[in-house]
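Please read the structure below before turning to the comments.
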Number of protein chains: 2
Amino acid sequence: MRIVRNRNEEMNTKKKVKALQTYNETGLRKTKQRALIMEIIRRERHLDADEVCRRARAEQPRLSLSTVYRTLQTLKEKGLVEEVHFDEAHHHYETKPASEHHHLVCLGCGQVIEFCYSLVHFIKEDVAEARDFEITGSEVRMTGYCPTCRRSK
Amino acid sequence: MRIVRNRNEEMNTKKKVKALQTYNETGLRKTKQRALIMEIIRRERHLDADEVCRRARAEQPRLSLSTVYRTLQTLKEKGLVEEVHFDEAHHHYETKPASEHHHLVCLGCGQVIEFCYSLVHFIKEDVAEARDFEITGSEVRMTGYCPTCRRSK
DNA sequence: ATTTCTATTGCGAACTATTCGCATTTAGTA
DNA sequence: TACTAAATGCGAATAGTTCGCAATAGAAAT
Ligand SMILES: [Mn+2]
Ligand SMILES: [Mn+2]
Ligand SMILES: [Zn+2]
Ligand SMILES: [Zn+2]
């Protein structure tokens, strides 16, 4: 019988250096599927799983929807992808942006506008302090009607 | 053949007065099911459709889940109920509160804490102005870990 | 109170979103 | 190159939501 070592276990310094050259920073294997999914959501924001899959299949027709779900989940855990929640009963995804931003959604045409507000960060700090919470995420979403949709009502 | 008049059409003043005594303010019929659903979500906040249904069936065993969904949808449109979006891929509901509030969710134990921030209203005004949007709703959600859950990690 | 009309309900089926199990493939390592 | 575990594809399972339609029941008219 053979001793199987978990790849995530501690390694000595020498091996650690070697590992960093071979694995990417996340410790995940580099696969065509993952790369493509990542590329797609880097290119286009706020897609849902099905939209990601459809776009990916243009290039990799055999890619399975399960893989898309699994990959988005994994990348989310690694902090490379964020899940956004609109009104619908399903999720949308985007690559983790450099600066925290929030969403304004038009209920007429569906367009999503991103906006930043340092006040949000302030609120976060304040709530964390007041409630003694360790806050790991925050999401601000506003819904309404854009100028165009407002006119056509 | 008989002329059928839509009940929502204009009525003369006299009839209008009568109607206000008979219909409730929303123009919806008063049914046992609706009353019960309303009572349940008035009593307990942030339930999802299935939880509402289970609680309702203690009193009305034949109540159907479809009715719960339909009713919540209707009451939402009338502005009596609000839909809240947590991390999960399904909705939760609460009676429309007097003052706008937001949510802090513990990822460990699931507890939901409500908090108010007038700053949010300010942001809303500001975004509306900056983007020329008519804003109809806003939701702020923060996630993290409560003191208790933090300790047990 | 009785009649009339249609909003609302219950039920099952349909549909959509997401997860799971497992055999097969493949990336990374030795 | 050979080995091993990670990742994939596929189909089935589960969960959440909507739909169609016949039956029921609230409100208005009589
Ligand atoms: Mn975004
Ligand atoms: Mn609430
Ligand atoms: Zn619009
Ligand atoms: Zn907790």
Side-chain angles (χ1 to χ4, degrees), chain A residues 1-9 11 14-15 18-24 26-38 47-54 56-57 60-76 78 83 85-93, chain B residues 1-9 11 14-16 18-24 26-37 47-54 56-57 60-76 78 83 85-93:
Chain A
M1 203 220 269
R2 170 190 272 272
I3 304 283
V4 176
R5 182 165 48 75
N6 184 320
R7 293 188 181 198
N8 289 324
E9 272 173 29
M11 291 178 276
K14 196 178 172 191
K15 289 205 170 175
K18 177 134 190 262
L20 286 176
Q21 297 172 331
T22 316
Y23 289 173
N24 64 24
T26 63
L28 299 172
R29 290 184 179 175
K30 289 175 237 157
T31 69
K32 312 277 186 193
Q33 293 88 336
R34 221 137 41 197
L36 178 57
I37 290 170
M38 200 60 198
L47 298 175
D48 63 33
D50 196 63
E51 290 165 336
V52 171
C53 191
R54 274 205 298 278
R57 279 179 170 161
Q60 293 177 19
R62 330 222 47 154
L63 184 114
S64 112
L65 183 55
S66 304
T67 297
V68 173
Y69 274 109
R70 270 183 306 227
T71 301
L72 291 172
Q73 184 62 34
T74 304
L75 295 174
K76 187 175 71 157
K78 295 295 179 184
E83 202 175 72
H85 305 91
F86 297 149
D87 268 345
E88 309 146 281
H90 68 268
H91 302 313
H92 291 247
Y93 299 87
Chain B
M1 203 220 269
R2 168 189 273 271
I3 304 284
V4 176
R5 181 164 48 76
N6 183 320
R7 292 186 185 201
N8 289 323
E9 273 174 28
M11 289 178 278
K14 195 178 173 191
K15 289 205 172 178
K16 219 173 225 165
K18 176 131 190 266
L20 286 175
Q21 298 173 328
T22 317
Y23 289 173
N24 64 23
T26 62
L28 300 172
R29 290 183 181 177
K30 288 175 238 158
T31 69
K32 311 277 186 192
Q33 293 90 334
R34 232 160 4 215
L36 178 57
I37 290 170
L47 298 175
D48 62 33
D50 196 63
E51 290 165 336
V52 170
C53 192
R54 275 205 298 278
R57 280 179 171 162
Q60 293 177 19
R62 329 222 48 155
L63 184 115
S64 113
L65 183 55
S66 305
T67 297
V68 173
Y69 275 109
R70 271 184 306 226
T71 301
L72 291 171
Q73 184 63 34
T74 305
L75 294 175
K76 187 175 72 155
K78 296 294 179 182
E83 203 175 69
H85 305 91
F86 298 148
D87 268 345
E88 309 145 281
H90 68 269
H91 304 313
H92 292 247
Y93 299 86

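Reminder, nothing fancy here: chain letters follow the sequence lines and each chain counts from 1.
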[X]: side chain to side chain donor-acceptor pair (under 3.5 Å) partners, not counting sequence neighbours:
{"X": "Glu88(B)", "result": "His92(B)"}
{"X": "Lys78(A)", "result": "none"}
{"X": "Arg54(A)", "result": "Asp50(A)"}
{"X": "Gln73(B)", "result": "Glu77(B)"}

Given atom [atom1] of [X] and atom [atom2] of [N], what is their separation to the nearest angstrom?
{"X": "Leu75(B)", "N": "dT9(C)", "atom1": "CG", "atom2": "C1'", "value": "15 Å"}
{"X": "Gln60(B)", "N": "dC11(C)", "atom1": "CD", "atom2": "P", "value": "12 Å"}
{"X": "His85(A)", "N": "dT18(C)", "atom1": "NE2", "atom2": "C1'", "value": "13 Å"}
{"X": "Leu36(B)", "N": "dG10(C)", "atom1": "CG", "atom2": "P", "value": "11 Å"}
{"X": "Leu63(B)", "N": "dG10(C)", "atom1": "CG", "atom2": "P", "value": "5 Å"}
{"X": "Ile37(B)", "N": "dT8(C)", "atom1": "CD1", "atom2": "P", "value": "12 Å"}
{"X": "Gln33(A)", "N": "dT24(C)", "atom1": "CD", "atom2": "P", "value": "18 Å"}
{"X": "Lys32(A)", "N": "dG28(C)", "atom1": "NZ", "atom2": "C1'", "value": "14 Å"}

Nearest 0.5 Å, please: how far is NE2 in His85(A) from CG in Asp87(B)?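 Going from the CG atom of Asp87(B) to the NE2 atom of His85(A) covers 4.5 Å.
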
Report all interatomic pairs (protein N or O, nucleotide N or O of nucleotides 17-23 of chain D) with separations under 3.5 Å.
from	atom 1	to	atom 2	distance (Å)
dT17(D)	OP1	His91(B)	N	3.4
dT17(D)	OP2	Tyr69(B)	OH	2.4
dT17(D)	O5'	Tyr69(B)	OH	3.3
dC19(D)	N4	Ser66(B)	OG	2.9

Note to self: Can you tell me if Thr67(A) touches the phosphate of dG9(D), counting only side-chain N or O atoms and a distance under 4.0 Å to OP1 or OP2?
What the structure shows: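 Yes, because at least one side-chain N or O of Thr67(A) sits under 4.0 Å from OP1 or OP2 of dG9(D).
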
Search all heavy atoms of Arg34(B) against all heavy atoms of Arg29(B) and return the closest pair with its distance.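 In terms of heavy atoms, the two residues are closest at NH2-O, 3.0 Å.
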
| Mapping Arg57(B) and Arg34(B) onto DNA chain C by nearest heavy atom, which one lands closer to the 5' end? |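 Residue closer to the 5' terminus by nearest nucleotide: Arg34(B).
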
Name the atoms and distances for all side-chain donor-acceptor pairs under 3.5 Å in residues 61-68 of chain A, with sequence neighbours left out.
from	atom 1	to	atom 2	distance (Å)
Ser64(A)	OG	Ser66(A)	N	3.1
Ser64(A)	OG	Thr67(A)	N	3.2
Thr67(A)	OG1	Arg70(A)	NH2	3.3

hbond_proxy Arg29(A) side chain to dA7(D) base (donor-acceptor, 3.5 Å cutoff):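 No such pair is found, so the answer is no.
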
(message) Given dG10(C), dT8(C), dG28(C), identify the nucleotide with an atom nearest to the side chain of Leu28(B).
(response)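 Closest of the options to the side chain of Leu28(B): dT8(C).
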
